Amino acid sequence: MSLPQPVRGTHDLLPEEFARHAHVQGTAREMAARFGYAEMATPIFEFTEVFARTMGESSDVVSKEMYSFESRSGESMTLRPEYTAGICRAFISNGLQQNVPFKVFAAGPMFRYERPQKGRQRQFHQIDVECIGAAEAKADIEVVALGAAILDALGVMEKCTLEINTLGDTESRQAYRAALVDYFNDHKSSLSQDSLDRLTRNPLRILDSKDKGDRVIVEQAPIFTDYLNSYSSDFFDEVLEGLSLLGIEYHLNRRLVRGLDYYTHTAFEFVTTALGAQGAVIAGGRYDGLIETLGGKPTPGIGWAGGIERLAMLADEAPAAVRPVALIPVGEEADAVAAKLAHQLRKDGISIEMAFKGNVGKRMKRANKLNARAAILIGEDELVRDVCTLRDLDQGEQSEVPLASLSSALRRLL
RNA sequence: GCGAACGUAGCUCAGUUGGUUAGAGCGCCUGACUGUGACUCAGGAGGUCGGGGGUUCAAGACCCCUCGUUCGCCCCA
């Protein structure tokens, strides 16, 4: 077959799948609003620097996964691989320092040049939550709780586990990082090739290695808690206590490390085993240094992103679409009457399906296929008496209804 | 970026050790039923077997390349 195909790693969202996405996004949007997170949007592309500086030059996303291009003006642009950097840029660009805490919800397409798999695409969609300008642990708790509430509303909480860890403040993390590098350098000869690469890029990642040889070495590695200063460890304790208070179960995972440079303190992931290698459905953390990196005044922040495709695969069925009513004119005279009637009923708020062609049998079949609740037949018989035949397609019963009271009769039926 | 499996109709899949005009179910179209669906029956359309090259008298089957999907790694949502 040489039919035109979509670009690798991109997918069409046909109505059925789109409805599932809309369900995930709509549920998240509604829950976010209840938590006081207003929806916003930023451009789909930014100056490359926005992502490169914040996410870290050595991160996988920046070093090999960005869709970058040179604009006609000669500047380097990048299709956004995540939402956080763009929202923080917008926070600075619009001078929102006085609007803190700036609590927002956003959703839209993201782009990463990765090898596609199930639950991993080159264009995918995320829901995103950010709380900028709050240094309190209460913000961390609220943001995680919002994630949990959304998963709950989607009916996927049972399939997910909340993994949580702290990366400490910059001081703590740098001290720990130095200790780790020292330790692993001493064991360089027995580290896997992957971990040797990680040693320069992101040594904390070695802790999470799946390689058996690495794991043996990791057993003896320095422990993060020994390097956390009291502020960092007190902060984390407060976050965990807050989650417990809300009855949100978590699994303390001391090896949880995020791949992006900007994370500090709280790091978390809601993970599932139901999606193969792609376990994370919602993930995020605190990024106290990010705004400063972008050139803003030092401003703390915390947020997360959730994969809509991944959530849609796990979520309950989307609520059924509105069932239409099929309007079926019989004969040329009835055609014009039906057209006017359909227009009026639609303005009255009723979903009307009217086929463009076909005899009554075909139109009835089509009505059935569209899951219509009822069919209205209008022919010469009915026209002379100003009535129509209203057929209940579920019950299989029909009766005559005066055109004048059709609108209210349908309302009662639907 | 690394390793592996798979790719036959719109969809799900058959297709013997290479051997005539490549099949089924579902779906679609038409009719039985020119004013009545979800049932039934009868017909019909739809395939350059992902694409390109090679081996052979002969390739959907075998070989190479390529594109795509899936699984694992890496990484992430």
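Small disclaimer: the values here were computed from a predicted structure and weren't measured. By convention in this document, chain letters (A, B, ...) are assigned in the order of the sequence lines, proteins followed by strands, and residues within each chain are numbered from 1.
In the set B:rU36, B:rC28, B:rC74, B:rU36 carries the atom at the smallest distance from any side-chain atom of A:Val360. The listed nucleotides are B:rU36, B:rC29, B:rU70; the one nearest the side chain of A:Thr389 is B:rU36. Checked against B:rC29, B:rC75, B:rC73, the side chain of A:Asp60 finds its nearest nucleotide in B:rC75. The A:Gln126 side chain lies nearest to B:rA77 when the options are B:rC29, B:rA77, B:rG35. Checking B:rA77, B:rG37, B:rC73 against every side-chain atom of A:Asp194, the shortest atom distance belongs to B:rC73. With distances taken from any side-chain atom of A:Phe124 to the nucleotides B:rA77, B:rC28, B:rC75, the minimum falls on B:rA77.
Counting any heavy atom pair closer than 4.0 Å across all strands shown, A:Asp381 reaches a base atom. The residue A:Glu82 sits apart from the nucleic acid: no heavy atom pair falls under 4.0 Å. Residue-level contact check: A:Ala283 touches the backbone only, with heavy atoms under 4.0 Å from sugar-phosphate atoms and none from bases. A:Asn359 comes within 4.0 angstrom of no nucleic acid atom, judged by non-hydrogen atoms across all strands. A:Gly358 comes within 4.0 angstrom of no nucleic acid atom, judged by non-hydrogen atoms across all strands. Using a 4.0 Å heavy-atom distance criterion, A:Ile282 is classed as a sugar-phosphate-only contact. If you check every strand for non-hydrogen atoms under 4.0 Å, A:Glu114 touches a base. Among the heavy atoms of the strands lying under 4.0 Å from A:Arg115 is at least one base atom, whether or not backbone atoms are also near.
Each of A:Ala372 and A:Phe270 lies near RNA chain B, and the nucleotide nearest A:Ala372 is the one positioned closer to the 5' end. Comparing A:Glu65 and A:Glu382, the nucleotide of RNA chain B nearest to each residue sits closer to the 5' end for A:Glu382.
Counting heavy atoms from C-beta outward, A:Thr166 and A:Phe235 have side chains that stay 4.5 Å or more apart. Side chains of A:Gln174 and A:Tyr227 form no contact here, defined as non-hydrogen atoms less than 4.5 Å apart. Between A:Thr299 and A:Ile92 the shortest side-chain heavy-atom distance does not fall below 4.5 Å.
Here the separation of B:rC39 from B:rC71, taken at their C1' atoms, is 43 Å to the nearest Å. B:rA38 and B:rG72 have their C1' atoms separated by 46 Å, with the value rounded to a whole Å. Rounded to whole Å, the separation between the C1' atoms of B:rC11 and B:rG54 comes to 33 Å. Separating the C1' atom of B:rG60 from that of B:rC6 is a span of 15 Å, rounded to the nearest Å. Between B:rU70 and B:rA22, the distance separating the two P atoms is 31 Å to the nearest Å. Across the C1' atoms, B:rA14 and B:rG23 are found 7 Å apart, a figure rounded to whole Å. The gap from the P atom of B:rA9 to that of B:rG52 amounts to 15 Å, rounded to the nearest Å. Nucleotides B:rC26 and B:rC64, compared at atom P, are 39 Å apart to the nearest Å.
In this structure, CG of A:Leu377 is placed 9 Å from P of B:rU36, rounded to the nearest angstrom. As a whole-Å value, the separation of A:Gln395 CD from B:rU36 C1' is 16 Å. A:Lys365 has its NZ atom 12 Å from the P atom of B:rG27, to the nearest Å. The distance from atom CZ of A:Arg120 to atom P of B:rC73 is 9 Å, rounded to the nearest whole Å. Atom CZ in A:Arg122 sits about 11 Å away from atom C1' in B:rG1, given to the nearest Å. Protein atom CE of A:Met66 is 18 Å distant from nucleotide atom P of B:rC75, rounded to whole Å. The separation between A:Lys118 atom NZ and B:rC73 atom P is 14 Å, rounded to whole Å. We find that NZ of A:Lys210 is positioned 14 Å from P of B:rC71, with the value rounded to whole Å.
The base of B:rC67 is not paired with the side chain of A:Arg8 by any donor and acceptor separated by under 3.5 Å. With hydrogens and angles ignored, no donor-acceptor pair closer than 3.5 Å exists between the side chain of A:Gln117 and the base of B:rU69. Side-chain to base pairing of A:Arg391 with B:rG37: one donor and one acceptor N or O lie within less than 3.5 Å of each other.
Between A:Arg363 and B:rG35 there is no side-chain N or O to OP1 or OP2 distance below 4.0 Å.
Ring planes of A:Phe270 and A:Phe268: perpendicular class, angle over 60° (limits at 30 and 60°). Aromatic ring pairs are classed by plane angle as parallel below 30°, tilted from 30° to 60° and perpendicular above 60°; the pair A:Tyr287 and A:Tyr262 is perpendicular.
By the 4.0 Å N-to-carboxylate-O rule, A:Asp60 lies close enough to A:Arg201 to be salt-bridged with it. Salt bridge annotation for A:Asp169-A:Arg173: absent, with no cationic side-chain nitrogen under 4.0 angstrom from a carboxylate oxygen.
Among the candidates A:Arg373, A:Arg366, A:Lys369, the single residue satisfying the salt bridge (charged side-chain N to carboxylate O under 4.0 Å, His left out) test with A:Glu353 is A:Arg366.
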